[in-house]
Amino acid sequence: ILVFNASASPQDHTRLRATQLSKEARATLDKPTPLSDEDARQCLAKLEEALQLWQSLGDQLMIGDTLLDTGLLHAKKFDYTTALEFYERSLPFFPPSDEGNASKASALNNIANVHQRLGETQKALQIYQQSLALKKPGKSKAITVDNIGGVYHRLGEYQLALNHHQQALAAFREMGLRRDEAVAINNVASVYGFLGDQFPARDYLLQALALIRQVGDKEEEATNLYNLGMCSFRMGEYRQTLDYANQTIAISREIKDRFTEADGITLKCRAHLAMGETDTAMGECNRVLPIHQANRDRLSEALTQSALGEIFERNNETAKAVEARTAALTIFRASGDANSELEMLRALGQLAINAGDLVLARRQLDQALQLSESLRAKVGSHQLRSSYMAGLQRVYETYVDLLMQLHRQEPGKGHEKAALQFAERARARGLLDLLAESRAQIRQGADDALLKQEHDLLQLLKDKDSAWKRLRANPRTKEQ
C-alpha cells in the first residue's frame, strides 16, 4: 500500500510507485515455486510500468535492475534467448558504484549461465570470471563459484570443478542456504558420477533431493532426478533409469521446462538402447532431436546424435552412423567437452575398423588416446583417477583391436607386439595409480626384499612405458 505525503512532489510520487512495482515484481521472482502464466503476465506488466517510471526519473541503476529482472522473468519461463537480450541491455546502465557493480555482476553471471546452457562453454567461463571479479563474499559470489565449477566439469578440468563446487558448498552451508546447498551437492555428485565413482555420487544426489523437496524447488528437483537417472544409467540399472527419466519429464512438463523435459527424453532413448530396444530408442531420439535444436541446446543435441549413431551402427547403417557421430563430435569439440569428444573419436575409430579403413581408424584413435592422457592428468585424486581410467577401457580395447587387425592385414610387422605393449602400458597405469594412492601404507614395516622388488617392478613398468613412447614416436611405426 502506497502512503503519500501531502508535501511530496510529483517526482516523489513517481519514485514511490516505481519502487512499489519493483518490489512486488521481485517478490514474485524470488518465489521458489514455478510461476503460473498469470503470475508471469502480472509480473511482466509491473516490470514494464516500473521501467517507464524509472526512465522518466533518469535513475540509471534502477533502469538496469528492472531490465535485469525482466530477463530473469523470461529465464524462469525458460525463454533464454529473450532473457539474454534483457541481461545484455541492462549492462550499460549500471554505474561504477558498489550497488552498480553488484547488479552488473549478477547480470554477467546470468549472461554466462545462458551461454553455458547453449553449449558455449569457453565464452561462459570468461563471463563468469568477469562476474566473479566484481562480487564481494556472500551468496551471489558463492553461486558464481559453483557455476564456474560446472564449466570446468564440462571442459574436463575435473579437479578444478570439484574444488569450486566444494568451496561453494562450504559457503552455502555456513550461510544456512539449504536450496543452494542442495544445488552444490548435486554438482559435486555429477563430477563423481562422471568420473565413475557412482556409489558416493548416488549418496550425494539423494541428500540433495531431500533438501530440494524440503524447499519445494521443482526446477532443481527435475534436474536432480535427471542426474539420478544418469547415475543409474552408468551403473547399468536401466529400468531405474527409465523411472527417473519419467519423473524428470513429468515435473518438467508441469513447470513447462522444455529443456529438462527434452533431456529426460534423451535419457529414455539411451536407456532403451542399452536394453537392446533399438526401435523404441530410435523413436525417442527422433522425437527429441528437433526439440533440442529448437531450444538451441547444442550439448543435448550432441548426446542425441551420439545415441542415434549407436542405433545406426547396430542396424548396420554405417554411413548414417558416421554422419550422426561426426555431427556429435563437431558439437562436442566446439563446446570444449573433451571427454565426450574422446568417446566420439573412439566410436568413429571403431566404425572405421569395421569398414576396413585402418588408416583412418588409427588417426582417430591416436587423437582419442592423446585426449585421454590429457584428461587423466586433470584428475587430482589418485582414487578418482583410477575410477576414471577404468571408464576409459573401451578406448584401450578398441586400440588393441585395431593393432590386431593391422597384424592380420600385415603379419610380421610387429603389430601384435605393439598390441601387447599397449595392453601392458594400460594395466601399468592402473597399478601405478594404486601404488601412488597407498604408498604410505604399503611401505610402513615392509620387508626390505619386498621394497626392492617393488622398486624393480616400478622401474620395469617405467622402462616399458618409455619403450612404448619411443615406438609411437618412430616415423616408421606410424606408417605401419
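Start at 1 with the first residue, then count along the sequence.
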Would you say the side-chain atoms of Asn147 and Asn113 include a donor-acceptor pair closer than 3.5 Å?
no
Please collect all salt bridge (Lys or Arg N to Asp or Glu O under 4.0 Å) contacts where either partner lies in residues 199-208, sequence neighbours excluded, each pair once.
Arg202-Glu237
What do you reckon, is CD of Gln166 surrounded by more than 12 foreign heavy atoms closer than 6.0 Å?
yes
Any side-chain heavy atom of Lys139 within less than 4.5 Å of one from Asp180?
yes
Can you check whether Asn186's main-chain N or O pairs, donor with acceptor, with Asn227's side chain at less than 3.5 Å?
no
Report the residue from Asp337, Asn339, Thr121 that forms a side-chain hydrogen bond (donor to acceptor under 3.5 Å, both in side chains) with Arg154.
Asp337
Any donor and acceptor pair, going by atom type alone, linking the side chain of Ser90 with main-chain N or O of Leu68 inside 3.5 Å?
no
Would you check if the side chain of Gln60 reaches a backbone N or O of Phe93 as a donor-acceptor pair within less than 3.5 Å?
no
For Ile212 versus Ala182, what's the shortest heavy-atom pair and its separation?
CG1-CB, 3.5 Å
CD/Glu343 to CG/Leu348 distance, rounded to the nearest 0.5 angstrom?
9.5 Å
Would you give the length of the straight line joining atom CG of Asp297 to atom CG of Leu118, rounded to the nearest 0.5 angstrom?
7.5 Å
Considering all heavy atoms of both residues, which atom of Ala328 and which atom of Ala302 are nearest to each other, and what is their separation?
CB-O, 3.4 Å
Option from Asn295, Asp263, Thr260 for which side-chain hydrogen bond (donor to acceptor under 3.5 Å, both in side chains) with Ser300 holds
Asp263
Checking Thr82 side chain against Asp79 main chain: does a donor-acceptor pair fall under 3.5 Å?
no
Other residues, nucleotides and ligands only: do more than 12 of their heavy atoms fall within 6.0 Å of CZ on Arg239?
no
When you check the side-chain N and O atoms of Gln126 and Gln130, is any donor under 3.5 Å from an acceptor?
no
Step through it carefully: locate the ring centre of Phe259, locate the ring centre of Phe78, and say whether they are under 6.0 Å apart.
no
Quick check: closest heavy atoms across Ala83 and Gly71, and the distance to 0.1 Å?
CB-O, 3.2 Å
With Asp217, which of Lys76, Arg179, Lys31 fulfils salt bridge (charged side-chain N to carboxylate O under 4.0 Å, His left out)?
Arg179
Check whether any side-chain heavy atom of Tyr128 lies under 4.5 Å from a side-chain heavy atom of Gln116, and answer yes or no.
yes
Pairs in or reaching into residues 234-256: which pass ring pair (Phe, Tyr, Trp, His ring centres under 6.0 Å), with residues at least two apart or in two chains?
Phe233-Tyr238
Note, Lys256 side chain near Asp37 side chain (heavy atom, < 4.5 Å):
yes
Between Lys135 and Ser140, which heavy-atom pair has the shortest distance, and what is it?
NZ-OG, 2.7 Å
Hey, does Gln214 have a side-chain heavy atom less than 4.5 Å from the side chain of Arg178?
yes
Any salt bridge (Lys or Arg N to Asp or Glu O under 4.0 Å) involving residues 113-126? Give me the pairs, sequence neighbours left out, ordered by first then second residue.
Arg117-Glu219
Taking everything shown except Glu99 itself, do over 12 heavy atoms lie less than 6.0 Å from its CD?
no
Heavy-atom side-chain contact between Trp54 and Thr19 under 4.5 Å
yes
Rounded distance (nearest 0.5 Å) linking atom OG1 of Thr266 with atom CG of Leu299:
11.5 Å
Ser232 side chain to Thr241 backbone, donor-acceptor under 3.5 Å
no
Evaluate side-chain hydrogen bond (donor to acceptor under 3.5 Å, both in side chains) for Asn109 paired with Thr144, printing each intermediate quantity in order.
CA-CA 7 Å; Asn109 178 85; Thr144 300; 2.9 Å; yes
Does Glu174, at its CD atom, have more than 12 non-hydrogen atoms belonging to other residues, nucleotides or ligands within less than 6.0 Å?
no
Within the 3.5 Å criterion, strictly below it, is a donor on His164 or Asp146 matched to an acceptor on the partner's side chain?
no
Roughly how far, to the nearest 0.5 Å, is the CD1 atom of Ile249 from the OH atom of Tyr226?
11.0 Å
To the nearest 0.5 Å, atom CD of Gln159 lies from atom CG of Leu195 at 9.0 Å
May I ask you to test the Arg26-Leu72 pair for a side-chain heavy-atom distance under 4.5 Å?
yes
Expected output: side-chain Arg363 to main-chain Gly349 donor-acceptor under 3.5 Å
no
Smallest heavy-atom separation, Cys285 atom then Leu308 atom, equals CB-CD2, 3.6 Å
Contact summary for Ala338 and Leu371, nearest pair of heavy atoms
O-CD1, 3.9 Å
